[in-house]
Protein chains: 2
Amino acid sequence: MPHANGPVPVGDFVTGAIASITRLIRDQDLKPGDRLPAEAALSEQLQVSRTVIREALRSLAALRLVDLGAGKRPTVAQLDDASVALMIEHGVSTEQIDIQQIYDVRRTIEARTAALAALRRTEAEALLVLGHAQAMERAFGDPVEIMEHDLAFHIAIARASRNPVFALIIGAFQGVTRQTWPIGWKSRTNDDERRAMNALHVELAQAILAGDPQIAAALMNRHFDQSIKALLTAGLV
Amino acid sequence: MPHANGPVPVGDFVTGAIASITRLIRDQDLKPGDRLPAEAALSEQLQVSRTVIREALRSLAALRLVDLGAGKRPTVAQLDDASVALMIEHGVSTEQIDIQQIYDVRRTIEARTAALAALRRTEAEALLVLGHAQAMERAFGDPVEIMEHDLAFHIAIARASRNPVFALIIGAFQGVTRQTWPIGWKSRTNDDERRAMNALHVELAQAILAGDPQIAAALMNRHFDQSIKALLTAGLV
DNA sequence: TTACCAAACCTGTAATACAGCTTTTGCCAA
DNA sequence: TTGGCAAAAGCTGTATTACAGGTTTGGTAA
């Protein structure tokens with residue numbers, strides 16, 4: 001017999017509980033790692049059954065607002081791209097988003113992350129980016145390894161941009177990219193084209209190391225021009 | 001006594017159920033609106049209790065991969081920015097993201113949506129954008145109404161870009177923007193500045209109507225330059 | 001054929017039970 | 001006094017049962 005008095009919040013109890021718990025995090029100014037009340041306590045505070053509280057906490061865990069663990073109280077969680085990735089992959093699989101649209105978003109954002117990385121990167125970050133670019137060249141015979149270094153290269157640039165929102169978005173696209181990358185690779189039919197792509201990555205890394213945002217952004221745009229062209233040549237997906 | 005035999009999937013049962021249900025959507029090629037099996041059926045198929053199935057479905061509902069409703073079977077859902085918005089707001093409230101970073105993302109993306117909108121907008125979309133810009137001018141004495149038309153203006157441009165990922169991201173920022181917009185408005189201390197801002201919106205709308213992507217993007221960049229400067233003047237947040 | 005109604009189906013919420021994991025408490029030994 | 005350890009308390013994960021109330025389906029009557 002929950003909410004004995006007072007107006008029931010819009011929607012069902014779980015929706016209300018989600019709102020209450022997020023408000024609790026905000027109002028008490030909780031930070032990642034901080035512990036929330038136990039399920040039983042929340043159940044009593046909000047006057048709903050533990051069932052409702054659990055479904056609300058699971059919802060928040062799916063969005064990565066909280067972390068759950070057996071025996072442990074719920075804790076406030078850190079931003080994480082996994083849940084955005086799930087949404088994006090769902091959008092693609094249900095044909096609400098197509099691959100070309102994702103590449104357009106990536107191009108738009110990554111031209112910016114490349115420029116920001118050139119301005120803000122630490123020495124270590126620049127060398128990490130360069131390391132992945134060089135690893136791509138070294139792994140020439142092994143497409144899967146090239147792809148993994150390529151993905152790591154782009155993530156490293158996004159991190160070096162010092163804007164977690166960019167890193168979140170680019171990270172969320174990795175799952176989809178992993179599925180389409182081989183298509184672009186195969187459509188580059190001769191080794192020269194493939195070596196050129198790897199070389200472009202090294203150049204970009206060097207522009208970031210040199211701290212030149214204009215050149216970095218221009219090279220990133222060039223990279224995406226070529227990638228999108230390669231995907232279109234292959235009939236996209 | 002679930003999973004009587006066979007290896008238990010990584011993590012807990014709920015995590016496994018989430019994976020199974022998303023795989024089911026993908027493998028059966030379900031589209032938005034299509035119905036999933038009932039909770040009882042899923043419970044039997046996956047050999048876990050209805051409790052687990054419900055928590056998994058709630059998780060997917062939180063991510064907006066499925067829609068739930070009393071008496072109704074779960075259905076595959078359409079992309080929606082509300083869940084991304086929750087994540088972003090959480091990131092801001094836990095100080096993992098700051099407002100300036102969000103404005104940088106917006107500027108990056110919206111310069112692109114403005115250009116794309118100029119290229120792809122329908123007549124109706126262009127007039128909708130222009131309508132909101134003009135409504136901002138007409139509502140001059142009422143900041144809240146100006147803000148709402150401003151938000152609608154940017155969303156309308158994102159939609160007209162014909163890339164749902166851009167619209168998703170911009171939509172997700174609206175909640176946060178609604179909280180910070182008044183700060184920028186107040187920091188524009190004289191009416192001339194404020195009228196100039198409104199006029200810039202009208203100009204931008206006209207560039208989109210005229211189909212000029214270069215000018216549209218340039219005006220959007222100018223708009224964000226001014227907005228970010230206004231927020232910085234106000235000490236940001 | 002269409003409108004309507006009842007039955008079947010399904011979800012939302014609650015309550016209880018217990019296994020197993022984590023944190024705290026409190027004691028004992030050095 | 002301090003350090004370590006073990007017992008106890010606390011908490012979550014899962015299962016089960018029950019029922020109210022919403023939705024869908026199928027058939028009947030007009």
Side-chain angles (χ1 to χ4, degrees), chain A residues 1-21 24-25 30 32-77, chain B residues 1-21 24-25 30 32-77:
Chain A
M1 216 171 303
H3 287 292
N5 56 4
V8 172
V10 303
D12 51 356
F13 292 173
V14 175
T15 306
I18 291 173
S20 297
I21 295 169
L24 188 152
I25 293 174
L30 301 182
D34 289 351
R35 290 195 302 180
L36 274 64
E39 292 176 3
L42 288 169
S43 168
E44 198 170 351
Q45 280 173 39
L46 306 182
Q47 290 286 297
V48 293
S49 73
R50 201 185 140 208
T51 306
V52 168
I53 296 297
R54 279 190 61 76
E55 291 186 11
L57 285 172
R58 279 287 181 196
S59 297
L60 294 173
L63 296 169
R64 299 301 184 102
L65 304 211
V66 306
D67 282 331
L68 304 178
K72 292 198 281 219
R73 300 246 296 269
T75 56
V76 175
Chain B
M1 215 171 302
H3 286 293
N5 55 6
V8 172
V10 304
D12 52 356
F13 292 171
V14 175
T15 306
I18 291 172
S20 297
I21 295 169
L24 187 151
I25 294 174
L30 300 182
D34 289 351
R35 291 196 302 181
L36 273 64
E39 291 174 3
L42 287 169
S43 167
E44 198 170 350
Q45 280 173 40
L46 306 183
Q47 290 286 297
V48 293
S49 73
R50 200 184 143 210
T51 306
V52 169
I53 296 296
R54 279 190 61 77
E55 291 186 11
L57 285 172
R58 279 289 182 195
S59 298
L60 294 173
L63 296 169
R64 299 300 183 101
L65 303 212
V66 306
D67 282 331
L68 303 179
K72 291 198 282 220
R73 300 245 297 269
T75 56
V76 175

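Naming: A, B, ... by sequence-line order, numbering from 1 per chain.
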Trainee: By side chain to side chain contact (heavy atoms under 4.5 Å, CB included), which residues pair with A:Ala77, not counting sequence neighbours?
Mentor: A:Asp67
Trainee: Can you measure B:Leu42 atom CG to D:dA15 atom P for me and round it to whole angstrom units?
Mentor: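 Interatomic distance, CG of B:Leu42 to P of D:dA15: 14 Å.
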Trainee: For B:Ile18 and D:dG13, give me the distance from atom CD1 to atom P, rounded to whole Å.
Mentor: 12 Å
Trainee: Return the set of residues passing side chain to side chain contact (heavy atoms under 4.5 Å, CB included) with A:Ser43 (not counting sequence neighbours), or none when no residue passes.
Mentor: A:Ile53
Trainee: Show the atom names and distances, to 0.1 Å, of all donor-acceptor pairs under 3.5 Å that link a side chain in residues 33-42 of chain B to residues at least two apart or in another chain.
Mentor:
unit_1, atom_1, unit_2, atom_2, d
B:Asp34, OD2, B:Lys31, N, 2.8
B:Glu39, OE1, B:Arg50, NE, 2.7
B:Glu39, OE1, B:Arg50, NH2, 3.1
B:Glu39, OE1, B:Arg54, NH1, 3.4
B:Glu39, OE2, B:Arg54, NH1, 2.8

Trainee: Restricting to side chain to side chain contact (heavy atoms under 4.5 Å, CB included), what partner residues turn up for A:Thr51, sequence neighbours left out?
Mentor: A:Ser49, A:Glu55
Trainee: For B:Arg58 and C:dG12, what is the distance between atoms CZ and C1' respectively, to the nearest whole Å?
Mentor: 8 Å
Trainee: For A:Arg35 and C:dT24, is the shortest distance between a side-chain N/O and OP1 or OP2 below 4.0 Å?
Mentor: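 Checking A:Arg35 against C:dT24: at least one side-chain N or O falls below 4.0 Å of OP1 or OP2.
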Trainee: Please state how far atom CG in A:Asp12 lies from atom P in C:dG12, giving the value in whole angstrom units.
Mentor: 7 Å
Trainee: List for me each residue that meets salt bridge (charged side-chain N to carboxylate O under 4.0 Å, His left out) alongside A:Arg64, sequence neighbours excluded, and say none if there are none.
Mentor: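 For A:Arg64, the residues satisfying salt bridge (charged side-chain N to carboxylate O under 4.0 Å, His left out) (neighbours in sequence not counted) are A:Asp80.
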Trainee: Would you mind reading off the distance between A:Glu55 atom CD and D:dT14 atom C1', rounded to a whole angstrom?
Mentor: 13 Å
Trainee: For atom CD of B:Gln45, is the number of surrounding heavy atoms from other residues, nucleotides or ligands below 6.0 Å larger than 12?
Mentor: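 Correct, the count exceeds 12.
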Trainee: Generate the contact string for nucleotides 4-11 of chain C. Rules: B means base contact, S means sugar-phosphate contact only, - means no protein heavy atom under 4.0 Å.
Mentor: ------BB
